[in-house]
Amino acid sequence: MNQENEMPKAFDPQAIEAGWYARWEDAGLFIADPTSPKPKFSMCFPPPNITGELHLGHALQTAIYDVIARYRRMTGREVLFLPGYDHAAIATQNVIEKQLAREGMTKEELGREGFDARVNAWYESVGAAILDQLRLLGASMDWTRLRFTMDARYVRSVMTAFVAFYERGWIYRAPRIVNWCPHDRSAISDLEVEWEEHHDVLYFIRYPIEGGGEVVIATVRPETMLADTGVAVNPTDERYSSIFGKTAILPLLGRKLPIVADSVVEKGFGTGALKVTPGHDPMDYDIGQRHSLELINGMHLDGRMNVPGLPYDGLPALEARTKVVADLKAQGFLIKEEPYTHEVGHCDRCHTVIEPLISEQWWLRMEVMRDKALAASAVGKVRWHPERYERTYLDWLRGLRDWNIGRQLWLGHRVPVYDCENGHRIVAVERPHDCAECGSTKLEQHPDVLDTWFSSALWPFATLGWPDETEDLKAFYPTAVNSTAREIINLWVSRMIMTGLEFMGEVPFADVAIHCVVQASDGRRMSKSLGTGVDPRELLTKYGTDAVRAWAASVGMSSQDVRFDESRVEGYRRFANKLWNATRLVLSSPGTPPAGEPGTLEIHEHLEDRWVLSRLSYACTAVTAGIENFTFQDSISAAYAFAWNEFCDWYLEAVKERLREGDAVAQDVAYLCLDYVFRLLHPFMPYVTEELWSRLPGERGFAMRAAWPEGEDRFVDPAAEETFGLVMSIVDEIRGHRQAAGAPPRGGELWLEPGPGREAAELAARLAWVELLSDDSNPGTPMAAAPGWVRFPFGSGDQRRHSEIKRLREDMEKTEAKLANPDFMAKAPPEIVKKMEERAAALRVALDRLA
RNA sequence: GGGCGGCUAGCUCAGUGGGAGAGCGCUCGCCUCACACGCGAGAGGUCAUUGGUUCAAACCCAAUGCCGCCCACCA
């Protein structure tokens with residue numbers, strides 16, 4: 001078995017990735033079996049919006065999920081990793097409308113049917129592109145269970161949930177003030193509003209009072225005064241106590257406005273008097289409710305003013321504002337203008353300024369679900385990683401209000417509400433044939449669709465077949481883990497938890513891992529429109545999937561957001577190449593490889609063998625702990641450090657000759673290390689590990705299917721670690737001397753006092769490229785690491801020796817000062833005191849050797 | 001307005017009480033028969049500021065300053 005001729009000198013990810021993905025898939029390794037006797041482990045991948053291509057954040061998220069999926073398979077679970085995508089109602093409708101606009105068309109011209117056809121065509125093309133990208137990332141998803149939120153069976157789940165809520169009496173229809181997007185002509189929820197700083201003007205306007213006097217109010221939106229129905233002041237505001245209950249006269253219109261007292265009015269803001277516009281401001285709406293003020297709707301659904309008979313009628317809000325201000329000024333009502341900075345709400349999908357207005361909407365009562373969710377958290381049913389995000393979730397949950405689930409869009413799940421010609425209402429999962437009350441067959445479905453998050457909220461069980469008691473649902477619910485960016489904790493995670501508890505009686509996942517957000521390298525948000533986006537496919541092509549995944553895992557669960565740094569991805573590409581070449585070296589060792597599983601030969605003869613296996617056991621522990629704790633960066637760094645800095649840099653250098661000579665034990669140990677490293681790294685870097693695994697001797701099947709390393713405590717060998725540690729110190733010191741002395745890279749002589757043992761001395765000499773002498777009749781530069789000296793063909797080690805003495809002396813002084821401090825000796829724990837004493841002793845010995 | 005996070009080497013980031021770390025970049029020496037996507041040796045940090053707790057602080061506490069995020073009905 002000698003395969004090095006088949007292995008190119010450099011690892012080429014492109015050459016192997018597609019092949020392995022196809023082989024895994026063909027072998028059915030991604031497919032979950034609900035009847036398996038193994039413990040089940042399931043995850044439903046957060047369905048990407050079907051609005052376009054995946055970005056780097058998706059790549060990161062996919063990597064995190066797939067690391068977990070592959071790890072759990074290797075630790076003996078029956079894993080379901082379910083893929084899917086989301087129709088993303090508003091977002092997709094915007095994409096399609098933009099397309100139509102480019103073609104000079106509107107959806108109204110196209111009509112509902114034509115529009116649906118366009119949407120379906122879009123689903124087909126983009127859906128496929130998204131799935132391809134998930135494959136490119138190596139995601140081990142069960143494609144036989146692919147779900148789309150617009151699939152018939154998923155739609156049925158959504159309808160079932162709606163009906164169930166309706167039957168519980170939680171869904172009702174009511175006029176309320178809502179966040180209205182004039183562009184999308186739809187209401188959106190509070191969570192879909194993005195706040196942005198605006199620099200506006202605060203206008204101070206005089207409102208005369210009936211019977212004399214006036215009250216001055218401050219507003220940034222003078223155009224809304226056309227719908228004013230009151231004036232409010234704080235009840236404790238003595239400045240205004242004389243005008244409570246009086247009536248103000250609305251300038252320009254002459255409408256009579258009751259002056260009411262309400263404690264939400266801030267005395268310190270503006271003049272302390274507030275114009276009340278219940279139809280166009282959420283706070284004013286509440287005031288209006290409390291004081292029975294009239295409610296006027298002053299705006300059309302497209303954002304133009306709705307004030308029949310007035311000169312402002314039909315104007316867009318900003319134009320109306322200009323005109324209102326001009327008129328106020330002309331008539332002497334405008335007192336002053338001040339620059340004013342405040343937050344203005346925008347639609348998070350189309351970025352249009354939100355207009356609060358009154359609209360009749362479908363609402364979902366949340367109290368019962370909220371309380372169940374709070375109770376579940378109270379008993380620790382959901383674990384958050386990092387923990388602090390639980391508070392984000394709980395704080396929002398505690399202040400939860402009814403959810404506006406209706407949207408006035410064309411795209412989405414139509415609410416399953418049907419009204420017959422005689423005014424009877426039917427709410428049913430399937431479209432009824434006739435009215436249950438009057439038998440009329442003239443039924444009209446309500447035009448509203450559901451908030452896209454309504455359907456997303458059902459994801460962990462609707463994907464498994466709910467409401468049917470499917471085999472999958474029984475086997476794989478609840479799922480194990482959900483991982484998302486924190487921006488959708490409330491939009492999505494919280495609602496899944498609530499619906500999961502409500503319909504399934506159990507939280508949908510035990511662990512929530514909130515991953516970081518990737519920013520552009522300058523700290524700005526990564527986005528296509530800013531030109532700061534990074535196309536994951538370019539990265540995959542340039543560095544390979546493994547490098548991108550390893551990078552993703554190394555940053556994904558770090559506590560803060562991360563600025564994208566391509567050099568770190570490149571670092572992992574080099575790492576993959578290092579693994580490749582280390583394998584090439586080991587495979588080039590002549591002779592028959594050890595039979596059977598690696599590690600079966602007697603491995604205790606050589607110091608380096610015992611050492612590297614001891615280090616390996618440490619790496620196994622650290623990698624496993626990192627995955628279990630959702631701190632993948634710890635896993636990556638432990639595997640990286642072992643594979644490169646210990647196995648390649650020290651072990652392979654130590655056994656090169658033995659490998660060249662076909663030493664079976666060295667081969668056995670090297671194969672064992674590679675075998676372990678590939679398994680430990682497989683979840684992170686599936687391709688290179690699978691490829692190299694397949695090149696190791698013996699029949700070994702897929703790395704993907706291999707068992708996760710455990711029980712390697714048997715390799716722990718503190719004595720070997722200590723002795724090899726000494727060897728490394730000696731070698732480091734000789735190298736340092738050689739460099740400082742300007743001596744040639746190789747050659748020189750080493751003499752060591754007996755002590756570390758003949759094997760260690762020879763190993764050190766070999767690694768440092770010096771000859772080990774057996775007599776010290778002609779001493780050279782003394783060393784600190786061990787009693788002995790080194791000498792090179794030319795060049796003196798004295799310079800480094802002197803700087804080393806200086807360094808050691810400084811260290812010694814600090815350490816001794818500590819030991820001389822009575823407080824330290826009295827209060828520090830004994831083991832720390834002991835450590836310091838040992839350090840001082842070691843420094844003394846080293847100094848004695850050098851001086 | 002409330003809450004949370006960040007501030008550590010030139011850059012991007014690890015590091016949660018006992019001698020400051022990684023990747024990349026930089027300097028110097030090496031194409032040493034696995035790897036120049038490499039090997040070896042280095043330079044480079046008052047761990048944001050101030051105060052406190054402690055025998056001991058990058059790490060714990062308080063305040064401050066920037067940067068970012070989440071939540072919020074002060075018009």
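Throughout, protein chains are lettered first and strands after them, A, B, ... in sequence-line order, and every chain is numbered starting at 1. Quick caveat: nothing in here was measured; it's all calculated off a predicted structure.
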Side-chain heavy atoms of A:Arg839 within contact of A:Leu843, under 4.5 Å: yes
Given atom CD of A:Glu192 and atom C1' of B:C70, what is their separation to the nearest angstrom? 16 Å
So, applying side chain to side chain contact (heavy atoms under 4.5 Å, CB included) with A:Trp650, which one of A:Asn645, A:Val612, A:Val731 is it? A:Val731
Can you name the atoms? Protein N/O to nucleotides 9-13 of chain B N/O, anything below 3.5 Å, with the distance.
| from | atom 1 | to | atom 2 | distance (Å) |
| --- | --- | --- | --- | --- |
| B:U12 | OP1 | A:Arg563 | NH1 | 3.3 |
| B:U12 | O4' | A:Asp565 | OD2 | 3.3 |
| B:U12 | O3' | A:Arg563 | O | 3.4 |
| B:U12 | O2' | A:Arg563 | O | 3.3 |
| B:C13 | OP1 | A:Arg563 | N | 2.3 |
| B:C13 | O2' | A:Arg568 | NH1 | 3.1 |

Can you give the donor-acceptor pairs under 3.5 Å from side chains of residues 227-234 of chain A to other protein atoms, not counting sequence neighbours?
| from | atom 1 | to | atom 2 | distance (Å) |
| --- | --- | --- | --- | --- |
| A:Asp228 | OD1 | A:Lys275 | NZ | 2.8 |
| A:Asp228 | OD1 | A:Thr277 | OG1 | 2.6 |
| A:Asp228 | OD2 | A:Tyr207 | OH | 2.7 |
| A:Thr229 | OG1 | A:Glu294 | O | 2.7 |
| A:Asn234 | OD1 | A:Thr236 | N | 2.9 |
| A:Asn234 | OD1 | A:Thr236 | OG1 | 2.7 |
| A:Asn234 | ND2 | A:Ser263 | O | 3.4 |
| A:Asn234 | ND2 | A:Val265 | O | 2.7 |

Report, as yes or no, whether the 6.0 Å neighbourhood of atom CD on A:Glu831 holds more than 12 heavy atoms from other residues, nucleotides or ligands. yes
Measure the distance from NZ on A:Lys834 to P on B:A56 and round it to the nearest whole Å. 24 Å
Taking it one step at a time, do A:Phe269 and A:Tyr340 satisfy ring pair (Phe, Tyr, Trp, His ring centres under 6.0 Å)? CA-CA 12 Å; A:Phe269 187 90; A:Tyr340 184 62; 5.8 Å; yes
Tell me the partner of B:U53, counting only Watson-Crick (N1-N3 plus N6-O4 or O6-N4) or G-U wobble (N1-O2 and O6-N3) with both under 3.5 Å; none if nothing fits. none
Heavy atom of residues 645-658 of chain A under 4.0 Å from RNA chain B: which residues? A:Cys648, A:Asp649, A:Glu653, A:Lys656
Pairwise N/O distances under 3.5 Å, protein to nucleotides 25-29 of chain B:
| from | atom 1 | to | atom 2 | distance (Å) |
| --- | --- | --- | --- | --- |
| B:C28 | O2 | A:Gln739 | NE2 | 3.4 |

For A:Ile832 and B:U54, give me the distance from atom CD1 to atom C1', rounded to whole Å. 14 Å
Suppose we screen for side-chain contact (heavy atoms from CB on, under 4.5 Å). Which residues come up paired with A:Val344, at least two apart in sequence or across chains? A:His198, A:Asp200, A:His342, A:His346, A:Val353
Distance check needed: B:A22 P versus A:Asp634 CG, whole Å only. 16 Å
Complement of B:C33, any strand, by Watson-Crick or G-U distances under 3.5 angstrom: none
Does A:Arg735 make a cation-pi contact with A:Trp769 (under 6.0 Å, within 45 degrees of the axis)? no
5' precedence on RNA chain B between A:Arg573 and A:Lys827 (nearest-nucleotide basis): A:Arg573
Which whole number of Å gives the distance between the P atom of B:C59 and that of B:G6? 13 Å
Using the test side chain to side chain donor-acceptor pair (under 3.5 Å), find all partners of A:Arg290 that sit at least two apart in sequence or belong to another chain. A:Asp262
Report the residues that fulfil side-chain contact (heavy atoms from CB on, under 4.5 Å) with A:Arg574, sequence neighbours left out, ordered by chain and then residue number. A:Glu570, A:Trp644
Pairing nucleotide - B:A75, Watson-Crick or G-U, each distance under 3.5 Å: none
Minimum heavy-atom separation for A:Ala741 to A:Phe792, with atom names? CB-CD1, 4.3 Å
Apply side chain to side chain contact (heavy atoms under 4.5 Å, CB included) to residues A:Thr271 and A:Arg239 and explain how you reach the verdict. CA-CA 10 Å; A:Thr271 61; A:Arg239 292 172 295 175; 5.7 Å; no
To the nearest Å, how far apart are A:Ile489 CD1 and B:G5 P? 13 Å
If you restrict it to nitrogen or oxygen atoms, what contacts under 3.5 Å exist between nucleotides 43-47 of chain B and the protein, and what is each distance?
none

State, yes or no, whether a side-chain contact exists between A:Phe684 and A:Phe632 at a heavy-atom distance under 4.5 Å. yes
Taking donor-acceptor contacts at under 3.5 Å, does the side chain of A:Lys9 reach the base of B:C35? no
Side chain to side chain contact (heavy atoms under 4.5 Å, CB included) between A:Asp190 and A:Arg401: does it pass, once the steps are laid out? CA-CA 10 Å; A:Asp190 292 342; A:Arg401 294 188 289 176; 3.4 Å; yes
Taking any strand in view, what nucleotide pairs with B:C59 in a Watson-Crick or G-U wobble way, both distances under 3.5 Å? none
Just by distance, with hydrogens left out, do A:Tyr543 and A:Glu566 show a side-chain donor and acceptor under 3.5 Å apart? yes
Partner nucleotide, any strand, of B:A43 [Watson-Crick/G-U, under 3.5 Å]: none
Nucleotide nearest A:Arg388 when distance is taken to its side chain, options B:C37, B:A34, B:G5: B:G5
Please name the nucleotide paired to B:G23 by Watson-Crick or G-U wobble geometry with both distances under 3.5 Å, or report none. B:C11
Using the C1' atom on both, measure B:U32 against B:U16 and round to a whole Å. 43 Å
Tell which nucleotide pairs with B:U64, taking only Watson-Crick or G-U wobble pairs whose two distances are both under 3.5 angstrom. B:A48
Residues in side chain to side chain donor-acceptor pair (under 3.5 Å) with A:Asp565, at least two apart? A:Ser567
Interatomic distance at P, B:A43 relative to B:C28, whole Å: 15 Å
Whole angstroms only, please: what is the CZ-P distance between A:Arg766 and B:C39? 19 Å
A:Arg746 CZ to B:C31 P: how many Å, rounded? 10 Å
When you check every protein heavy atom under 4.0 Å of nucleotides 57-62 of chain B, what one-letter string (B, S, -) results, 5' to 3'? ------
Integer angstrom distance from the C1' of B:G21 to that of B:C33: 35 Å
Could you tell me how far apart A:Arg398 (CZ) and B:C70 (C1') are, to the nearest whole angstrom? 16 Å
What residues, two or more places apart in sequence or in another chain, satisfy side chain to side chain donor-acceptor pair (under 3.5 Å) together with A:Tyr640? none
State, without any angle test, whether A:Ser589 and A:Gln667 hold a side-chain donor-acceptor pair at a distance under 3.5 Å. yes
Pick out the pairs of N or O atoms, protein on one side and nucleotides 71-75 of chain B on the other, that lie under 3.5 Å.
| from | atom 1 | to | atom 2 | distance (Å) |
| --- | --- | --- | --- | --- |
| B:C73 | OP1 | A:Arg401 | NH2 | 2.8 |
| B:A75 | OP2 | A:Tyr340 | OH | 3.1 |
| B:A75 | N6 | A:Glu266 | O | 2.8 |
| B:A75 | N6 | A:Phe269 | O | 3.0 |
| B:A75 | N1 | A:Glu266 | N | 3.3 |

Taking the side chain of A:Trp644 as its heavy atoms from C-beta onward, which of B:G38, B:C35, B:G18 lies nearest to it? B:G38
